[in-house]
Amino acid sequence: VSTNKHTEKLRVTLHSQSNCLELQTLLNNLPNAMSCVQVREMMTRRVDYLDEIPRMPDFLLALRPHTVWEKTPIKLFCTVQGNPRPLVQWYKAGVPIYPPNTPGKYKIESKYGVHSLEELTTLFNYQRISLIHASKLEVGLFDRFPVTFGVEGESATLVCSMVVVPDLPNLPPIAQWYRDDKLLTPSKLVEMSVGGGKARLTLPHLAKDDEGLYTLRIFTKDGTSDHSAYLFVSDAAPTTAGAPGAPMSVKVYDVGSDYVLVAWKPPNTVNEAPITGYFVDRCEAGSDTWVQCNDAPVKVCKYPAHGLHVGRTYYFRVRAVNKAGISRPSRKSDKVIALDDAERLRLEVIKIKGKYEVVIKDDELEGHVTIPGEPTDVHVSEIFKSYVVLSWTPPSRRGRAPLWYIIEKVSGTGAWRRINTAVKLHSPRYPVFDLQDGQKYQFRVYSVNANGSSEASAPSEPVQKVDEDGVPSAPTHVVATRNTKTSVFVQWEASKEQKSLMGYYIDARVVGAKEWFACNNKPFKHTRFVAHGLIQGETYVFRVQAVNVFGLSEESQESSPVSVQPALAIPSAPYGITMLSSDGSSITLAWKSPKHSGGSRINAYYIDQRDVNDTVWTEVNLAAVTERVCTVDNLTEGNYYEFRVQAGNLVGVGLPSDPSPPLKCEAWTMEEPGPAYDLRFSEVRSHSLVILWKAPVYTGASSVTGYFVDMAKKGSSEFVTLNQETVNRRYLQVTGLEEGETYVFRVRAVNAKGVGKPSELSDPVCARPLPGTKEIVAGVDEETGDIFLSLEACEVSEMSEFVWSKNYKTIGDCPRVSVSTKGRTSRLTFTNPDKDDLGRYSVFVTDTDGVSSSYTLTEDTLNTMLELSYAIRHPVVPLKHGLNYEVLEKGHVRFWVQAEKLSSSVSYRFIFNDKEVKSGEGYKISHDVATGIIQMTVDNFTRASEGTYTVQIHDGKAKTQSSLVLVGDVFKAALKEAEFQRREHIRKQGPHFSEYLDFTVTEDCTVLLTCKVANVKKETTFQWYKDDEEIVPETPPNVMSGACGLPFSRKDQGVYKAVLSDNRGKDTSAFDISGKGSISLLSYCVCSCASASDLVLQCTPEGIRLQCYMKYYTEEMKTIWKHKESKIASSERMRIGGAAEMAWMQICDPTDREKGLYSIEISDGVKTHVRSFDLSGQGKHRLVTYRGRVLGGLPDVATIMEDKSLSLTCTVGGEPTPEVTWLKNEQEVESNEHTRVTFDGGKFSSLVINQVTPDDSGKYSINVRNKYGGEFVEITVSVYRHGEQIPEPKLGQSPGPKSPTPGPKSPTPAPKSPTIRQLGKKKPTGR
């Protein structure tokens, strides 16, 4: 039952007063002849009239709470009135009560407006029966959701807290969510909940379709309570760099049996390449496979998808394409069933006897019609550049067989041609793509069923494939104005040519930047928009684009730059009025500045006062007060006063503060100081902050000597003193704070008489830095070399000022420093820094939420920056190479220097023996900026060129010089080389040797004396000489080939000479073969190195051997063996040697450490030959597995009492199975009853001595061998008698035997004395 008692009573009262007034007027005008009966009739009629007045339902007697025993019946009553008679519905826990549904549980009665509900059986968990409707609750909203930013694919939650009265757990308030004024309903993409004092909306998978203005509407007793905020959804990172964002708002229209029209909205392209088209995909319900509908991208935001299957359910999505790639797919559309609406209209429902319904189709009433009629109204419903959509009306006579259509087209006077040859069309719509530009077409349609085809329809009107419309015109007059500290209000004039406008995209750019960014990612339909998420203090420009089905318009002109600042307003009220001192006739007050300045600097304060017994405020100051301290005079001692303060700015005077507490005007006479005041904070971080304050105005009997600072968590009265000793400065750095915790502080001043009264509590401060907080940076200017401190503020306002301090004392006009501010950055520059500038520097940014930072300048830091400053102010051209020289052809000498970098304005000069050298005769001076080389070439380098050469370089402010001293032996070497190059130049003017005589070795080890000649002609002669006697070879030398050779054998020794001559000159080359065999050895070395084979593995009794075969080998040949790129030196374990035709390396007792790549390098003096072999330990090249080995199990020492049995057992291995021999004192042990030797399975060998005696003590050993080698392991056995102490174990002291240097067939060595061992398990040693 709904009720509004107050409204109904008011309306009834008004009607009653009106009728009474009317009756009184009639009585006054009645003639004397009117009787009292007539008057009574009129009064009765007024009562009847009141009974006919409609009245809202109202409870005269409402329900009241009951407490009853379990299983005891309960009866509830209420009385209701209203006209007409109200209908009453009972509820339990919000669920309607219907007695027929629960027989025997409830009994409901209604008599004369009295309603009752009797519950016959009451359970213990009885719930409240309520007649309160959810819309009658009182709801207040707070902690409302702000503007929210999300990214595609992520989730977002909007939460609003609320207070509900009465707060019924089973009766939450009615909450509705809207997006862009459209009611949202719960789904997989939208989750809603109300309860627990919160209304929550969750979007689990964001898409740009979700962007918009979200509104929460709560129905309350007094109407509705709303809150709205915008949700922005930006594009997810593209799969391909530069690809566009995903399209959005995919909708399906014009649904047919095999055809639908898909439409969408284009994405915003800010910095990406323009969109060239779209791909449309479809997916059947129940499948995850997406099929592309169009082969070529469609250029408009519509596409007719055909070829669907009748009755199946489909989803659609769209992808955008540009030259960089393809976008992510859009959110899929709502599901759509491929059924034609015309089919539903053909269904008829016939009722039989008013009771039964029969559904039939129209064609079932057609009689015996078999062939369908022709379609009608053939026309083109959609015309675009890439396709047209043909539509028609189905025939009225269809026949009872399934119906489909055939389409034909004709251009001009040509023949009709069928279009849909491959598919049967069931829908009366069809997209036609293959039309030629510039030609006009007509279309006609046939109806076809199993019985035949109809006549052709009437042809359509001629149509040409063209765009009906294009993109809209660009918006104009874009104006941006201040809104809040993170948003700007943008408005513009709508496009003049809208052409089915979808909305607008708004872009922004920071002034001075090149990149634009999107303010919205879903078309905005209005011409006024608030751009959120901007940086306070930054300056932006804006532009707007219109959007329709054809894409985006041209960009509008940019708006005027606007700074992100709150809109101007009056300041808020000051607060925190406190008394600093009083002398009996005046009171000194202080207060805190308003929390909101209104976007303009506060330039005035006005104080009012009143006696506590007065109600009228009196102005204290007519002229504005600029400081937050004021002394109020002319007060009466002993009276109590209240004060209030108003702040003023450029806009006007704000609201007054709350009145101060009553303050008594009496002289302060205490000896302790008064309270400190103006507590403020700086450098608030996660675990620290700096608190600052001002000194007391009243100092007491003596001056203030220090301060105590107390701290407490917000809401707590337990203060902790932070400093055990007083601080004599007016600031304190507080550390050890809990991140996110809120604190309050107070300060107490101290003088010689004691501790004064505490200050007023500070504002609560949360230990959390501002988002984007940056610290002061110390640096040196790269251009000027100035040393500076700099801070980039995370936020600024139009009125913000950077206030720099040293040791928290404001730096005024000081000649030692200068302050400059540009945008969000302020710089403190030192004029001439020295030790007097050391200290702690801090900066505070006014008109912000506490942006501040500090930096301690130490001596080490200052010295480092001074060095860098000097280097910048006295720059040096950096050199890659100092002055050097080289001798060129013809004997010219080039002096050069190379700098790391040169500019085009570089200047330089060369100095030789203190005289500048100019470019001219005999000297060439030049430079190359690209390479940084400066050079001087001396054409005639003679003995007079000895001395010091210097080059001096100036490049801008930088300069450098480099010198080279050419005297003594260095000069002589340079002069000798220059003279040689001059002679060589002269020699090369005629026939000459380009390569002098040398030897070479052929593949068959033949040694040749060879040389190369140049600048020859046919007349040039070539002669061979040996010991000055001419040699005439069988084959005359051919100088025109450029090379000549002479065979050489080991017997030929002497001095060989070749002479080349013609009319231009003569050149000679000699080669001395001393007779010591060096040439012969070298030649055979070269031949042998070239014939080296691959490394071969050979197993020996001592281990393994790597061998390299060659034609000839001698120890004088240079060979290097390597293991894992490390050079191997010959040792006892790694032995290196060779034979007549082989080089080898023996690895004795190989272990896992010897695994790896082995190689041999053989050098012939000209070329190095490398052969390698991989001992990886796998396959046939295993190191250890083949050789006989003791794998473990034996101790070093065995001590045993006599008459006991001793068992020595070990595990052996090898392939083939090794032979095992046990020895005692180097004599083989024979197996008998006392000593038993066993060898089981080729793996386990044992020596068992029964009833040992002292004679059994001695050195025992086991020898395990096969054809690849073996191991020898020793054990010391000690037997002691009964009653004797166990003897100390004694190990053998003689070293193990050494294996001989392996030869081609090294014998297996016999075991000798044991090797020294550690106590414990035996580690076998290979032999």
Side-chain angles (χ1 to χ4, degrees), residues 1-7 56-57 59 62-63 88-97 127-152 154-233 248-249 331 334 487 520 522 524-526 530 532:
V1 177
S2 61
T3 176
N4 195 331
K5 184 183 297 184
H6 179 72
T7 304
M56 295 180 65
F59 284 100
L63 293 174
V88 176
Q89 173 66 53
W90 291 84
Y91 293 83
K92 179 179 181 182
V95 179
I97 298 175
Q127 301 185 38
R128 181 173 182 175
I129 299 176
S130 175
L131 293 178
I132 299 178
H133 192 270
S135 63
K136 301 305 177 183
L137 300 174
E138 296 182 4
V139 183
L141 300 180
F142 66 99
D143 287 345
R144 309 180 180 203
F145 56 89
V147 174
T148 307
F149 297 88
V151 180
E152 282 183 310
E154 298 180 355
S155 63
T157 301
L158 308 181
V159 181
C160 191
S161 301
M162 54 189 176
V163 176
V164 184
V165 179
D167 188 6
L168 305 177
N170 297 319
L171 190 64
I174 299 174
Q176 293 179 345
W177 289 89
Y178 295 82
R179 178 171 59 227
D180 296 331
D181 296 330
K182 291 184 180 180
L183 180 64
L184 298 177
T185 56
S187 66
K188 291 183 179 180
L189 299 176
V190 180
E191 300 172 1
M192 304 178 187
S193 64
V194 182
K198 296 182 182 296
R200 181 178 283 103
L201 173 72
T202 300
L203 305 171
H205 191 82
L206 284 175
K208 289 185 290 187
D209 306 59
D210 298 318
E211 182 170 296
L213 182 66
Y214 283 77
T215 300
L216 171 63
R217 181 165 297 158
I218 301 290
F219 289 84
T220 68
K221 181 177 181 181
D222 299 324
T224 60
S225 180
D226 298 348
H227 171 64
S228 299
Y230 218 92
L231 169 64
F232 295 91
V233 182
M248 71 210 78
S249 303
R331 173 181 285 177
D334 294 335
S487 65
N520 64 317
K522 179 179 177 182
F524 186 73
K525 295 183 178 180
H526 307 288
V530 178
H532 290 274

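Sequence positions, counted from 1, serve as the residue numbers for this chain. Below, all heavy atoms of this structure are taken into account, side chains as well, without hydrogens, waters or symmetry copies.
- The side chain to side chain donor-acceptor pair (under 3.5 Å) search around Lys208 returns Asp235, not counting sequence neighbours.
- Put simply, CD1 on Ile218 and CD on Gln176 are 9.0 Å apart, with the number rounded to the nearest 0.5 Å.
- With sequence neighbours excluded, no residue forms a ring pair (Phe, Tyr, Trp, His ring centres under 6.0 Å) with Tyr214.
- Residues Glu152 and Val233 have side chains in contact (heavy-atom distance under 4.5 Å, counting atoms from C-beta outward).
- Atom OG1 in Thr185 sits 7.0 Å away from atom CG in Leu183 (nearest 0.5 Å).
- Checked against ring pair (Phe, Tyr, Trp, His ring centres under 6.0 Å), Phe145 has the following partners two or more places apart in sequence or in another chain: Trp177, His227.
- Side-chain contact between Met162 and Val194 is present, with heavy atoms from C-beta onward closer than 4.5 Å.
- Distance OG1/Thr148 to CG/Leu158: 5.0 Å, rounded to 0.5 Å.
- A search for side chain to side chain contact (heavy atoms under 4.5 Å, CB included) contacts involving Pro96 returns Gln89, Tyr91, Tyr98, not counting sequence neighbours.
- With sequence neighbours left out, the side chain to side chain contact (heavy atoms under 4.5 Å, CB included) criterion links Glu138 to Val165, Lys221.
- Residues that satisfy the side chain to side chain contact (heavy atoms under 4.5 Å, CB included) test with Ala62, not counting sequence neighbours, are Phe59.
- Taking the salt bridge (charged side-chain N to carboxylate O under 4.0 Å, His left out) definition, one finds that Arg144 meets it with nothing, sequence neighbours left out.
- Judged as a salt bridge (Lys or Arg N to Asp or Glu O under 4.0 Å), not a single pair has a partner in residues 183-202 (not counting sequence neighbours).
- Note that CG of Leu141 is 8.5 Å distant from CG of Asp226, once rounded to the nearest 0.5 Å.
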Could you please spell out the steps behind the side-chain contact (heavy atoms from CB on, under 4.5 Å) verdict for Leu184 and Met192? CA-CA 9 Å; Leu184 298 177; Met192 304 178 187; 3.5 Å; yes
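- Checked against side chain to side chain contact (heavy atoms under 4.5 Å, CB included), Val530 has the following partners two or more places apart in sequence or in another chain: Asn483, Ser487, Phe489, His532.
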Residue pair Ser225, Val139: steps toward the side-chain contact (heavy atoms from CB on, under 4.5 Å) verdict: CA-CA 8 Å; Ser225 180; Val139 183; 5.9 Å; no
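- Although no hydrogens or angles enter the test, the distance criterion places no donor-acceptor pair under 3.5 Å between the side chain of Asp180 and the main chain of Gly212.
- Looking only at side-chain heavy atoms (C-beta outward), Leu201 and Val190 come within less than 4.5 Å of each other.
- Listed by chain and number, the residues in a ring pair (Phe, Tyr, Trp, His ring centres under 6.0 Å) with Tyr178 amount to none (sequence neighbours excluded).
- Residues that satisfy the side chain to side chain donor-acceptor pair (under 3.5 Å) test with Ser155, not counting sequence neighbours, are absent from this structure.
- Between Val147 and Ala229, the shortest heavy-atom distance links the atoms N-CB, 4.1 Å.
- Side-chain contact between Arg331 and Asp210 is present, with at least one heavy-atom pair separated by less than 4.5 Å.
- By the salt bridge (charged side-chain N to carboxylate O under 4.0 Å, His left out) test, Asp209 pairs with no residue at all, sequence neighbours left out.
- Here the side chains of Leu63 and Trp90 are in contact, with some heavy-atom distance below 4.5 Å.
- Put simply, CZ on Phe524 and OH on Tyr230 are 5.0 Å apart, with the number rounded to the nearest 0.5 Å.
- A distance of 12.5 Å separates OG1 in Thr202 from CG in Leu189, rounded to the nearest 0.5 Å.
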